[in-house]
K.L.:
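One structure, as C-alpha cells, below. Some questions next.
The shown structure was predicted, so the numbers you read here are calculated from the model rather than taken from an experiment.
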Amino acid sequence: MSIVAPTAENIRFAARVVREGGAVVMPTETVYGLACDATNDAAVANVFSIKGRPSENPLIVHIGGLDWLERVAASWPKVVEELALRYWPGPLTLVLPKCKDLPDRTTAGLETVAVRVPDHDVALALIDEAGCPIAAPSANAFSRLSPTTAEAVAPEIAGQVPMILDGGPCSVGLESTVLDLSTKTPQILRPGGVSRADIEAALRMPLGIVPPPAVRRSPGMYQRHYAPRAAIRFVDSLSNGESGLTFQTATGPGQIHMPREPRAYATILYDALRRVDESGATEIAIELPPEGPEWEAVHDRLKKASATP
C-alpha cells in the first residue's frame, strides 16, 4: 500500500485496479471510501471482506452525474432532478428502485439502491476514468471511525489495497445524508451533510419518521457505528468552561477544543476521536453540543459512537 498524490497517472492506475475487480481508497468530501466496481459481484464481495462488513448492510453507489443514474436505478420520481440540481455533486444519497443488472450483493439483497454524486474532483476523476459506478463504503473496519484524511485509513484496511489516493482532508467530515425516495413519504435514513430543513424546503413537505435501526435500508443504521475504541460519556459542561472532548492518558489529562458551529464541529469530529484513540485513552468525556436541527447529524454520530458494543 502507498499513499499517493492524485496525479493523472495514479488515477489511471487506480481506475485500472477498479476495472479489474480490485479496490483502492479514494477521497470524497464526506469521508475516504474503499472503492470498487459496484457492478462486479466479486469486487463487492472483496470489499465486504476487507471491512468485515455484514452482508445485510447495503453500499452506497457513487456515479459521475445525473446522466449516469439509469445505470444503477430502474426508475425515479421527477423530484430527483430537482434535488440533483441543488445537491449533486454533494453529500446527499438518494434511495431509489435498483436497476436489475446491479448485483444483489451491492444492495444487500434489497430492491433499492443508495446512490450519490461525490463532490470531490479526485473521486469524480476516478469514476470517469474507471467508466463504471463505484461502490465506496468508508475505508474503515466495520463500526469503527471513518477516516477523513489519507493518513487516518486504518492499517488493516491500508494493507489490503494497492493505493490510497490522497485528496487532502475531507471538507464535510461526516457521511452523506441518506434520503429514501422509494417510499410514499420520503424519509431520512441517516442524517449527514445536507440538513433535514434544507431537504424539506426543497421538497416543500415534511419528511417521514426515521425507521428503527433493525430496518436497514441504508448504511449507517446500526445502533453502534462510527465508534472509537475509547468509551464515551457525556457531560453537561467541561470543568474549564470550554467546549470539547476531555480524555485521560498515561501521561495526564488532555483536551481537544471543538467548534461551536455545527458544520465546523462535524468536519473535525472523527479526526478528534481518532487522535484520542491514538493517545491510548480508555475514556472520553464529551460536552454535548447544543440541540437544534442543524446539529442533527452530529448528535446522530455521537449517539452511535457511544452506544454499548
K.L.:
Is D300 close to P191 at the side-chain level, that is, under 4.5 Å between some pair of heavy atoms?
P.N.:
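They are in side-chain contact.
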K.L.:
Does the side chain of T93 pick up a donor-acceptor pair with the side chain of S176 at under 3.5 Å?
P.N.:
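The criterion, which ignores hydrogens and geometry beyond distance, is satisfied for S176 and T93.
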K.L.:
Within the distance-only criterion (no hydrogens, no angle test), does the side chain of S2 pair as donor or acceptor with the backbone N or O of V4 below 3.5 angstrom?
P.N.:
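It does not hold such a pair.
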K.L.:
Show me the pairs that pass ring pair (Phe, Tyr, Trp, His ring centres under 6.0 Å) and involve residues 163-190, at least two apart or across chains.
P.N.:
none
K.L.:
Do D277 and L145 pass the side-chain contact (heavy atoms from CB on, under 4.5 Å) test, and can you show the C-alpha distance, the side-chain angles, and the key distance before you say yes or no?
P.N.:
CA-CA 10 Å; D277 263 353; L145 291 170; 4.2 Å; yes
K.L.:
Sequence neighbours left out, what passes side chain to side chain contact (heavy atoms under 4.5 Å, CB included) with E294? Give chain and number order.
P.N.:
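Counting only residues at least two positions away or on another chain, E294 forms a side chain to side chain contact (heavy atoms under 4.5 Å, CB included) with P262.
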K.L.:
The test is side-chain contact (heavy atoms from CB on, under 4.5 Å); show your working for Y226 and L174 and say whether it passes.
P.N.:
CA-CA 10 Å; Y226 317 118; L174 293 184; over 6 Å; no
K.L.:
Measure the shortest side-chain to side-chain distance between P137 and V47 over non-hydrogen atoms and say whether it is less than 4.5 angstrom.
P.N.:
yes
K.L.:
Does some side-chain heavy atom of T107 sit less than 4.5 Å from a side-chain heavy atom of L59?
P.N.:
no
K.L.:
V95 vs L181, test: side-chain contact (heavy atoms from CB on, under 4.5 Å). Steps then yes/no.
P.N.:
CA-CA 6 Å; V95 175; L181 293 176; over 6 Å; no
K.L.:
Does any part of the side chain of L302, heavy atoms only, come nearer than 4.5 Å to the side chain of I286, both counted from C-beta?
P.N.:
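They are in contact (side-chain heavy atoms under 4.5 Å apart), so the answer is yes.
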K.L.:
Assess the residue pair H62 and I127 against the criterion (side-chain contact (heavy atoms from CB on, under 4.5 Å)); give the C-alpha distance rounded to whole Å, side-chain angles, the decisive distance to 0.1 Å, and a yes or no.
P.N.:
CA-CA 8 Å; H62 297 68; I127 293 167; 3.9 Å; yes
K.L.:
What closest approach, in Å, do A35 and L126 show between heavy atoms, and which atom pair accounts for it?
P.N.:
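Where A35 meets L126 most closely, the heavy atoms are CB-CD2, 4.4 Å.
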K.L.:
Less than 4.5 Å apart, side chain to side chain, heavy atoms only: is that true for L69 and V115?
P.N.:
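A side-chain contact exists here, since the closest heavy-atom pair is under 4.5 Å.
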K.L.:
Which atom names give the shortest non-hydrogen contact between A108 and P58, and what distance separates them?
P.N.:
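Heavy atoms only, the tightest pair is CB-N, 3.6 Å.
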K.L.:
Indicate every side-chain donor-acceptor pair of residues 146-153 with a distance under 3.5 Å to a residue at least two apart or in another chain.
P.N.:
{"residue": "S146", "atom": "OG", "partner": "E175", "partner atom": "OE2", "Å": "2.5"}
{"residue": "T149", "atom": "OG1", "partner": "A152", "partner atom": "N", "Å": "3.2"}

K.L.:
Any heavy-atom pair between the side chains of E278 and V276 that's under 4.5 Å?
P.N.:
no
K.L.:
Are side-chain heavy atoms of E287 and M258 found at a separation under 4.5 Å?
P.N.:
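Result no, sub-4.5 Å side-chain heavy-atom pair not found.
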K.L.:
Between F234 and S306, which heavy-atom pair has the shortest distance, and what is it?
P.N.:
CE1-OG, 3.4 Å
K.L.:
Suppose we screen for salt bridge (Lys or Arg N to Asp or Glu O under 4.0 Å). Which residues come up paired with D271, at least two apart in sequence or across chains?
P.N.:
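By the salt bridge (Lys or Arg N to Asp or Glu O under 4.0 Å) rule, D271 matches R274, R275.
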K.L.:
Tell me, with the steps shown, if N10 and T7 meet side chain to side chain donor-acceptor pair (under 3.5 Å).
P.N.:
CA-CA 5 Å; N10 287 335; T7 63; 3.2 Å; yes
K.L.:
So which heavy atom on P206 is nearest to which on T185, and how close?
P.N.:
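Distance-wise, the nearest heavy atoms are O-CG2, 4.3 Å.
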K.L.:
So which pairs with a foot in residues 282-307 pass ring pair (Phe, Tyr, Trp, His ring centres under 6.0 Å), sequence neighbours left out?
P.N.:
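Output for this query lists Y265-W295.
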K.L.:
Main chain of T30, side chain of T28: is a donor-acceptor contact present, judged purely on distance under 3.5 Å?
P.N.:
yes
K.L.:
Name all residues meeting the salt bridge (Lys or Arg N to Asp or Glu O under 4.0 Å) criterion together with D128; count only those two or more places apart in sequence or in a different chain, and write none if there are none.
P.N.:
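Scan of D128 (salt bridge (Lys or Arg N to Asp or Glu O under 4.0 Å), adjacent residues dropped) gives none.
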K.L.:
If you look at every heavy atom in A227 and A305, which pair is closest and at what distance?
P.N.:
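In terms of heavy atoms, the two residues are closest at CB-O, 3.7 Å.
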K.L.:
To the nearest 0.5 Å, tell me how far L207 CG sits from E200 CD.
P.N.:
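Between L207 CG and E200 CD, I get 4.5 Å after rounding to 0.5 Å.
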K.L.:
Atom OG1 of T177 and atom CG of L189: how far apart are they, to the nearest 0.5 Å?
P.N.:
10.5 Å
K.L.:
If you look only at pairs with a residue in residues 57-70, which of them pass as a salt bridge (charged side-chain N to carboxylate O under 4.0 Å, His left out), with sequence neighbours excluded?
P.N.:
none
K.L.:
Listing request: all ring pair (Phe, Tyr, Trp, His ring centres under 6.0 Å) pairs with a residue in residues 5-38, at least two apart in sequence or in separate chains.
P.N.:
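Qualifying pairs: none.
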K.L.:
Determine, for F142 and R53, whether the Lys NZ or Arg CZ falls below 6.0 Å from the six-membered ring centre while staying within 45 degrees of the axis.
P.N.:
no
K.L.:
Just checking R263: does its CZ atom have more than 12 heavy atoms from other residues, nucleotides or ligands closer to it than 6.0 angstrom?
P.N.:
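Counting other residues, nucleotides and ligands, CZ of R263 stays at 12 neighbours or fewer.
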K.L.:
With a 3.5 Å distance limit and no angle check, can you tell me whether K51 reaches the backbone of N140 through a side-chain donor-acceptor pair?
P.N.:
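A pair under 3.5 Å: yes.
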K.L.:
Quick one: salt bridge (charged side-chain N to carboxylate O under 4.0 Å, His left out) pairs with a partner in residues 26-36, sequence neighbours left out?
P.N.:
E29-R116
K.L.:
CD1 of I268 to NE2 of H257: how many Å apart, nearest 0.5 Å?
P.N.:
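The distance works out to 11.0 Å.
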K.L.:
Quick check: do P186 and L203 have side-chain heavy atoms less than 4.5 Å from each other?
P.N.:
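Yes, their side chains come closer than 4.5 Å.
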K.L.:
What distance separates D119 CG from S171 OG, expressed to the nearest 0.5 Å?
P.N.:
6.5 Å
K.L.:
Starting at OG of S279, measure out to CD1 of I256 and round the result to the nearest 0.5 Å.
P.N.:
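Interatomic distance, S279 OG to I256 CD1, rounded to 0.5 Å: 8.0 Å.
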K.L.:
Please tabulate, one pair per line, all N/O donor-acceptor pairs under 3.5 Å involving side-chain atoms of residues 96-106, not counting sequence neighbours.
P.N.:
{"residue": "K98", "atom": "NZ", "partner": "L102", "partner atom": "O", "Å": "2.7"}
{"residue": "K98", "atom": "NZ", "partner": "D104", "partner atom": "OD1", "Å": "2.9"}
{"residue": "R105", "atom": "NE", "partner": "D41", "partner atom": "OD1", "Å": "3.1"}
{"residue": "R105", "atom": "NE", "partner": "D41", "partner atom": "OD2", "Å": "3.4"}
{"residue": "R105", "atom": "NH2", "partner": "D41", "partner atom": "OD2", "Å": "3.0"}
{"residue": "T106", "atom": "OG1", "partner": "A38", "partner atom": "O", "Å": "2.8"}

K.L.:
Under a single-linkage definition using a 4.5 Å side-chain heavy-atom cutoff for Ile, Leu, Val, Met, Phe, Trp and Tyr, are I63 and W76 assigned to the same hydrophobic cluster?
P.N.:
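Linked, I63 and W76 end up in one cluster.
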K.L.:
State the CZ-CD1 distance between R229 and I284, to the nearest 0.5 angstrom.
P.N.:
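Going from the CZ atom of R229 to the CD1 atom of I284 covers 10.0 Å.
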K.L.:
Can you give me the closest heavy-atom contact between C36 and A43, atom names plus distance?
P.N.:
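Residues C36 and A43, closest heavy atoms: SG-O, 3.8 Å.
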K.L.:
Do any side-chain atoms of residues 14-25 form donor-acceptor pairs under 3.5 angstrom with protein atoms, and if so which ones, sequence neighbours left out?
P.N.:
{"residue": "R19", "atom": "NH1", "partner": "E129", "partner atom": "O", "Å": "2.9"}

K.L.:
Can you list, pair by pair, the side-chain donor-acceptor contacts under 3.5 Å of residues 77-88, counting residues two or more places apart and other chains?
P.N.:
{"residue": "E82", "atom": "OE2", "partner": "R204", "partner atom": "NH1", "Å": "3.3"}
{"residue": "Y87", "atom": "OH", "partner": "D198", "partner atom": "O", "Å": "3.2"}
{"residue": "W88", "atom": "NE1", "partner": "L92", "partner atom": "O", "Å": "2.8"}

